2 protein chains.
Amino acid sequence: MDKEQLKENFAKALKQEKLKRTPQRFAILEELVSSDEHRECTDIYFALRNQGISVSRATVYRTMDMLVKYDFARRLDIGDGIARYESKVGVSHHDHLICLECGKIIEFLNRDIEVLQQSICNDFDFDMTRHTHQIFGVCPDCKSK
Amino acid sequence: MDKEQLKENFAKALKQEKLKRTPQRFAILEELVSSDEHRECTDIYFALRNQGISVSRATVYRTMDMLVKYDFARRLDIGDGIARYESKVGVSHHDHLICLECGKIIEFLNRDIEVLQQSICNDFDFDMTRHTHQIFGVCPDCKSK
DNA sequence: TATATTTATGAGACTCAATCTCACAATAAA
DNA sequence: TTTATTGTGAGATTGAGTCTCATAAATATA
């Protein structure tokens with residue numbers, strides 16, 4: 001999806017929710033989508049500030065919530081008390097290997113696990129909304145150090 | 001494992017780490033092990049206080065870290081900023097279904113997923129230390145409301 | 001047992017991510 | 001435009017978790 005198409009889709013989502021089109025909201029979306037990193041709100045906040053874009057922390061937090069709700073972003077909690085967000089735009093589903101030494105996050109996807117996961121939900125008569133599957137350990141780089 | 005055996009094992013772990021045997025540490029372990037709930041530190045703190053046991057929040061937090069390290073407890077982060085702990089004593093490994101409506105936590109175990117998970121780690125040359133697999137959604141009780 | 005040494009405890013201060021407040025600004029509708 | 005509505009931002013607030021350090025308790029030593 002190109003940038004203009006993305007902005008259009010975002011505008012549609014805003015309209016649908018009766019939210020106004022503000023420069024801050026577009027800037028936050030663009031900043032998130034511009035990298036495939038797992039970004040903290042503070043990180044996004046400073047990145048925009050450094051670009052001379054006027055934005056507050058509150059607006060970043062509020063907008064991230066909205067981006068998650070409308071599926072432009074995914075929130076990642078790795079248990080250190082800091083929420084991270086990754087773009088879902090043009091990105092297929094995956095889960096995460098997290099290195100306890102260096103903090104690196106590696107993405108993985110396993111179709112069989114996804115299928116088994118759904119069958120567990122069926123067994124429990126549980127309606128899955130989302131899931132997190134995180135494997136913590138030591139990455140190859142850190143092992144060889 | 002009976003209570004006396006547990007206390008003995010705990011005492012051994014303390015000795016091994018040159019930590020002192022204090023009434024607070026034993027009380028926190030016993031309180032955690034006494035239920036199969038997923039407990040918050042504040043919850044443990046008040047439970048002990050209500051039993052007339054002298055303990056501080058700091059001691060609860062410090063002791064929980066130790067219990068996790070020595071495998072008496074498992075920490076659960078469900079992304080709401082509150083750490084929860086469950087007893088690992090006499091409890092086999094499992095993962096969690098978490099209801100977004102009522103907060104209920106249902107345990108599940110799937111051997112096939114565990115095996116696939118290990119094979120993913122092998123593929124990535126990644127040494128797994130621990131993992132979390134959480135499925136968020138709506139439980140049967142909440143669906144029928 | 002008495003004393004010395006080491007470690008633990010606890011009240012409250014502190015940290016920091018996240019949320020809230022509310023006056024003012026910007027956007028969209030009339 | 002004008003009006004009505006919604007958004008923004010600086011800073012205050014919240015709350016889980018951590019830190020401090022004087023005191024207390026547990027263990028080692030005599």
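Just so you know, these numbers use all the heavy atoms, side chains as well, and skip hydrogens, waters and symmetry mates. Just so you know, these numbers come straight off a predicted model, no measurement behind them. So you know, we letter chains A, B, ... as the sequences are listed, proteins then strands, and number each from 1.
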Residues sharing [X]'s hydrophobic cluster, by side-chain heavy-atom contacts under 4.5 Å among ILVMFWY, directly or via others?
| X | answer |
| --- | --- |
| A:V138 | none |
| B:L109 | none |
| B:V115 | none |
| A:I98 | A:L76, A:I78, A:L100, A:I105, A:F136 |

Q) Bend across the helix from C:dT1-D:dA30 to C:dA30-D:dT1, to 10°, with axes taken over 5 pairs at each end? A) 30°
Q: Any chance you could list the contact pattern along nucleotides 17-30 of chain D? Use B for base contacts, S for sugar-phosphate-only contacts and - for none, protein heavy atoms under 4.0 Å, 5' to 3'.
A: BBBB----BBS---
Q. What pairs with A:F108 under ring-ring contact (aromatic ring centres under 6.0 Å, His included), at least two apart in sequence or on another chain?
A. A:H133
Nearest-Å distance, [atom1] ([X]) to [atom2] ([N])?
| X | N | atom1 | atom2 | value |
| --- | --- | --- | --- | --- |
| A:E17 | C:dA28 | CD | C1' | 17 Å |
| B:D80 | D:dG15 | CG | C1' | 12 Å |
| A:E40 | C:dC16 | CD | P | 13 Å |

Q: Tell me, please, which residues at least two apart from B:N110 pass side chain to side chain donor-acceptor pair (under 3.5 Å).
A: none
(Q) Just to verify, what does A:E30 make a side chain to side chain donor-acceptor pair (under 3.5 Å) with, not counting sequence neighbours? (A)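 A:E30 satisfies side chain to side chain donor-acceptor pair (under 3.5 Å) with A:K3 only.
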Q: Sorted by first residue and then second, give each ring pair (Phe, Tyr, Trp, His ring centres under 6.0 Å) pair with at least one member in residues 11-45 of chain A; sequence neighbours left out.
A: A:F10-A:F26, A:H38-A:H96
Q) With respect to the phosphate group of D:dT8, does any side-chain polar atom (N or O) of A:S54 fall under 4.0 Å of OP1 or OP2? A) no
Q | side-chain contact (heavy atoms from CB on, under 4.5 Å) partners for A:D65, two or more places apart | A | A:Y85
Q) Within the distance-only criterion (no hydrogens, no angle test), does the side chain of B:R57 pair as donor or acceptor with the backbone N or O of B:C41 below 3.5 angstrom? A)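 No, because the side chain of B:R57 does not come within donor-acceptor range (under 3.5 Å) of the backbone of B:C41.
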Q: May I ask you to list the residues of residues 24-34 of chain A, by number, that have any heavy atom positioned under 4.0 Å from an atom of DNA chain D?
A: A:Q24, A:R25
